[in-house]
Each structure stands twice: as C-alpha cells, then as structure tokens.
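Since this is a predicted model, take the numbers as computed values, not measurements. The basis for the numbers below is simple: all heavy atoms, side chains too, and nothing from hydrogens, waters or symmetry mates.
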Amino acid sequence: MGLLSWIIIGLLVGIFIRRYFPGRPGGRTATLVLTTIGALIGGYISSYFGFGSLALMDVRSELIALAGALVMGVVIKILRI
C-alpha cells in the first residue's frame, strides 16, 4: 500500500504542477513521470530510515514522498520541461 500511495502522490503533484505552473507544450507526460519518480525516491529514502515500508503506509513516509515529488517539481520548473 505504501508504494501505491507514493505513486498516487507523485501523480497528484504532477497534475497540480501542470495545472497551476504550465511549462512548454507537450511536457505533461514528462512532468507526471518525473514527479512520480521523485515521490518514489522520497518514499524509498523514508523506508531506508525506518519510516514505513513498501507494504505499509506511514504518515512520515507519505510526507517525505510528497517532499520528493515537490523537489522534483522544482527541478522540472528550473529546467523548463
């Protein structure tokens, strides 16, 4: 359940970024994929430190996954994808 929630968080952040901070045309898929990867990286980092796991949801791991997706979103905006 933790892995699925990280993916959902990444997709939601990607949708938010594309809606409120539009970039170049056609970059929607790249934004969704990259924010999902950022959420997965954040989730794996949280599980490394003992906050939740791939199978279990933990509020701390969800917040770290959200932070990872947001950081990746900032990188996307800097690179103008």
State, yes or no, whether a side-chain contact exists between Tyr44 and Ser61 at a heavy-atom distance under 4.5 Å. no

Across all chains, not counting sequence neighbours, the ring pair (Phe, Tyr, Trp, His ring centres under 6.0 Å) partners of Phe51 are none

Listing, residues 32-42 side-chain donor-acceptor contacts under 3.5 Å, not counting sequence neighbours, or none:
residue, atom, partner, partner atom, Å
Thr35, OG1, Gly10, O, 2.9
Thr35, OG1, Thr31, O, 2.9
Thr35, OG1, Leu32, O, 3.2
Thr36, OG1, Leu32, O, 2.7

Smallest heavy-atom separation, Ser5 atom then Met57 atom, equals OG-CG, 4.1 Å

Residues pairing under salt bridge (Lys or Arg N to Asp or Glu O under 4.0 Å) where one sits in residues 59-71, two or more places apart or in two chains, turn out to be Asp58-Arg60

(request) Group every Ile, Leu, Val, Met, Phe, Trp and Tyr by side-chain heavy-atom contacts under 4.5 Å, then state whether Leu12 and Leu4 land in the same group. (result) yes

Between the CZ atom in Arg19 and the CZ atom in Arg28, the distance rounded to the nearest 0.5 Å is 10.0 Å

Across all chains, not counting sequence neighbours, the ring pair (Phe, Tyr, Trp, His ring centres under 6.0 Å) partners of Phe49 are none

CZ of Phe16 to CG of Leu70, rounded to nearest 0.5 Å, is 8.5 Å

Joining Ile, Leu, Val, Met, Phe, Trp and Tyr whenever any side-chain heavy atoms lie under 4.5 Å apart, the cluster holding Val59 also takes in Leu63

In this structure, CG of Leu66 is separated from CH2 of Trp6 (nearest 0.5 Å) by 13.5 Å

